[in-house]
Colleague: 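So that we are looking at the same thing, I have put the structure below in structure tokens.
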Amino acid sequence: MPPKPLKLNGTALIHGDSKFAGSEVAPSISVTTTFRHLNPLESKDGKVSLNDVDLRNPARHVYSRYTQQVSTRAEHILSRINDGFAITYSSGLAASYSALVFYRPKRIAIRGGYHGCHATIDVYKKNQGINVELIDLDSEYRAGDLCWLETPLNPTGESRNIQYYADKVHKVGGKLIVDSTFGPPPLQYPFRFGADCVLHSGTKYFGGHSDLLAGVLVVKTLDEWNKLVADRIFLGNMMGSLESWLLLRSLRTLHLRVPRQSASATVLAQWLNSIAQTPVGKTYDGVPGGILTKVWHSSLQGIDKYGFDPSKQMQGGWNATFSILLSKPEYATELPHILDYFVPATSLGGVESLVEQRIQSDPSSDPGLVRLSIGVEDVEDLKEDLRQAFLKLASVKAKL
Ligand SMILES: *Cc1c(COP(=O)(O)O)cnc(C)c1O
């Protein structure tokens with residue numbers, strides 16, 4: 001079990017953007033791309049052009065590719081809760097691409113994880129010619145390498161040792177980026193273990209309602225933030241105005257959603273693991289053994305042979321997305337469609353639980369692997385739903 005949970009600061013989520021608040025309690029939905037110029041003849045300080053706008057604390061806006069009010073507010077809250085300087089993008093992969101453009105690595109150390117990030121790296125490689133090399137996470141590093149570490153890992157939900165890879169890449173003067181999408185605040189804080197940059201698909205837990213695409217990079221200094229913003233203006237990959245409104249709305253309840261999802265997922269992972277360890281011919285809690293063969297989850301990982309204890313990294317609770325392995329691919333194909341509360345769909349992090357035979361989205365996946373994203377429903381109802389579905393699969397099996 002992890003140590004005492006860290007508290008995600010609800011006050012920061014509700015009031016972290018208060019310096020931008022006007023008389024409206026909730027910000028208006030604004031879709032304007034352009035803003036009225038000041039009259040140079042009437043400007044007190046003579047500052048009227050785009051170049052005079054403070055991009056982090058804009059007193060006014062000029063064009064929404066530079067800044068607009070609601071995404072600025074969302075970035076201030078994201079900065080507060082991630083212990084750094086946060087910048088938003090149009091999607092998680094837009095953030096990934098921007099990180100590559102920022103670090104310009106010649107070599108990237110990476111293994112497994114979300115397949116989309118590998119495809120983004122392929123696009124980057126194409127643009128850089130043949131100079132970019134990919135190496136395994138555990139290869140020897142050299143100066144200038146970028147270590148790309150995803151933890152907990154998609155789709156299994158198992159953790160990797162951030163501090164270990166931070167030390168390893170820093171020894172040669174390289175940088176560590178951590179894709180922490182599966183571990184939003186308050187579950188883990190990668191900067192505390194040596195990360196240089198933290199990546200989130202904001203589409204997942206920050207958005208939390210399966211209704212917006214967004215990406216987030218968090219860096220440690222204002223100088224890095226300014227460089228990323230300068231690039232974003234000309235990459236044009238900022239979040240849409242409407243999305244920024246949905247994101248800000250969602251952030252207000254992050255501290256209520258994520259700990260709840262984490263707690264329910266932990267209960268379910270432990271329960272499913274007991275079923276997976278039940279032999280054929282026996283039952284556990286009414287579910288026959290032999291259908292489910294494996295459960296992956298950070299809480300089940302234990303301490304590895306190098307002494308890495310995931311509970312020390314996930315101090316705020318275990319991940320709410322994880323995977324199970326069914327004994328036959330047909331079970332994995334059928335399971336998502338015989339559940340009542342889990343919605344058969346890709347993605348994760350929303351208030352509704354989702355279930356996916358992972359091979360449907362990632363062709364490299366084991367056909368027996370099913371990924372579960374746990375929402376905020378009553379955990380006993382989710383358990384009951386899984387129980388009835390396993391019994392259905394078992395009765396199909398009995399007929400065969
Ligand atoms: C979904 C996801 C991404 C990509 O995010 P999008 O918002 O879909 O572009 C990146 N990394 C991980 C771990 C993800 O789950």
Side-chain angles (χ1 to χ4, degrees), residues 1-2 4-8 10 13-14 152 155-157 181-187 203-212 246 249-278 283-288 291-292 295-300 314 316-324 326 331-332 334-358 370-395:
M1 283 290 111
K4 217 165 162 279
L6 293 169
K7 237 168 89 191
L8 173 60
L13 290 169
I14 307 298
T156 59
T181 298
F182 274 42
L187 305 186
T203 313
K204 314 296 170 51
Y205 291 97
F206 291 152
H209 296 74
S210 307
D211 57 5
L212 68 98
L246 289 167
R249 149 67 63 98
S250 300
L251 286 172
R252 307 291 193 205
T253 56
L254 185 73
H255 61 316
L256 305 178
R257 291 182 280 109
V258 171
R260 166 71 180 251
Q261 289 170 279
S262 162
S264 296
T266 305
V267 166
L268 290 171
Q270 306 287 324
W271 181 73
L272 289 163
N273 191 48
S274 296
I275 296 171
Q277 285 173 355
T278 302
T283 63
Y284 177 84
D285 203 13
V287 182
I291 294 173
L292 183 60
V295 180
W296 293 272
H297 188 240
S298 292
S299 71
L300 301 169
M314 301 208 74
W318 302 112
N319 43 296
T321 299
F322 62 98
S323 289
I324 58 178
L326 298 168
Y331 293 159
E334 189 171 349
L335 180 66
H337 301 281
I338 55 173
L339 287 158
D340 291 325
Y341 297 130
F342 286 84
V343 180
T346 195
S347 197
L348 57 118
V351 290
E352 58 292 289
S353 293
L354 301 180
V355 57
E356 179 185 39
Q357 182 187 22
R358 192 58 187 150
V370 170
R371 189 178 74 181
L372 301 170
S373 166
I374 307 305
V376 300
E377 301 92 338
D378 193 300
V379 67
E380 287 306 317
D381 290 333
L382 295 178
K383 206 191 259 187
E384 187 49 43
D385 196 17
L386 287 162
R387 187 188 284 115
Q388 66 78 24
F390 287 136
L391 286 172
K392 219 173 258 175
L393 291 179
S395 72

Colleague: Do L335 and I324 come close enough that some side-chain heavy atom pair is under 4.5 Å?
Modeller: yes
Colleague: How long is the span from the CG atom in L326 to the CD atom in E334, to the nearest 0.5 Å?
Modeller: 10.5 Å
Colleague: Can you tell if the side chain of L246 reaches within under 4.5 Å of the side chain of H209, non-hydrogen atoms only?
Modeller: no
Colleague: Can you tell me if Q261 uses its side chain to pair, donor with acceptor, with the backbone of I374 under 3.5 Å?
Modeller: yes
Colleague: Is a side-chain donor or acceptor of E377 paired with a backbone partner of S353 at a separation under 3.5 angstrom?
Modeller: yes
Colleague: Walk me through it: do Y341 and D378 pass the test side chain to side chain contact (heavy atoms under 4.5 Å, CB included)?
Modeller: CA-CA 10 Å; Y341 297 130; D378 193 300; over 6 Å; no
Colleague: Is there a side-chain contact between L339 and P344 in this structure, where contact means two heavy atoms from C-beta onward sitting under 4.5 Å apart?
Modeller: no
Colleague: Answer yes or no: is there a donor N or O on one side and an acceptor on the other, between the side chain of S323 and the main chain of P155, under 3.5 Å?
Modeller: yes
Colleague: Atom CG in L251, atom CD1 in I14: separation rounded to 0.5 Å?
Modeller: 9.5 Å
Colleague: Please, which pairs that meet salt bridge (Lys or Arg N to Asp or Glu O under 4.0 Å) have at least one residue in residues 252-266, sequence neighbours excluded?
Modeller: D17-R252
Colleague: Enter the distance from N273:CG to L300:CG here, rounded to the nearest 0.5 Å.
Modeller: 4.5 Å
Colleague: Got a sec, which residues hit side-chain contact (heavy atoms from CB on, under 4.5 Å) with S262, two or more places apart in sequence or on another chain?
Modeller: L187, T266
Colleague: The criterion is side-chain contact (heavy atoms from CB on, under 4.5 Å); which residues satisfy it with A345, sequence neighbours excluded?
Modeller: V343, L354
Colleague: Below 4.5 Å, heavy atoms only, C-beta onward: do W271 and V287 meet side chain to side chain?
Modeller: yes
Colleague: Is there a side-chain contact between V370 and Y331, using heavy atoms and a 4.5 Å cut-off?
Modeller: no
Colleague: Mind checking whether L268 and L372 have side chains closer than 4.5 Å, heavy atoms only?
Modeller: no
Colleague: If you round to the nearest 0.5 Å, how far is CG of L386 from CD1 of I338?
Modeller: 10.0 Å
Colleague: With no hydrogens and no angle check, is any side-chain donor or acceptor of Q388 less than 3.5 Å from a backbone partner on D385?
Modeller: yes
Colleague: Determine the minimum heavy-atom distance between Q270 and S299, stating which atoms define it.
Modeller: NE2-OG, 2.8 Å
Colleague: Can you give me the closest heavy-atom contact between V295 and A269, atom names plus distance?
Modeller: CG1-O, 3.9 Å
Colleague: If you compare all heavy atoms of T278 against all heavy atoms of S274, which two are closest, and at what distance to 0.1 Å?
Modeller: OG1-O, 2.8 Å
Colleague: Can you confirm whether Y284 is buried at OH, in the sense that more than 12 heavy atoms of other residues, nucleotides or ligands lie under 6.0 Å from that atom?
Modeller: yes
Colleague: Not counting sequence neighbours, which residues clear side chain to side chain donor-acceptor pair (under 3.5 Å) with R387? List them please.
Modeller: D285, E384
Colleague: Taking only residues two or more places apart in sequence or in another chain, which ones pass side-chain contact (heavy atoms from CB on, under 4.5 Å) with T283?
Modeller: P288
Colleague: Taking G349's backbone N and O only, do any of them form a donor-acceptor pair with S373's side chain (distance below 3.5 Å, no angle check)?
Modeller: yes
Colleague: Is there side-chain contact between N319 and Y205, with heavy atoms separated by less than 4.5 Å?
Modeller: no
Colleague: For F322, check ring-ring contact (aromatic ring centres under 6.0 Å, His included) against everything at least two apart and list the hits.
Modeller: H297
Colleague: What distance do T321 atom OG1 and L348 atom CG have between them, rounded to the nearest 0.5 Å?
Modeller: 4.5 Å
Colleague: Any chance you could measure F342, atom CZ, to L382, atom CG, to the nearest 0.5 Å?
Modeller: 4.5 Å
Colleague: Can you confirm whether R358 is buried at CZ, in the sense that more than 12 heavy atoms of other residues, nucleotides or ligands lie under 6.0 Å from that atom?
Modeller: yes
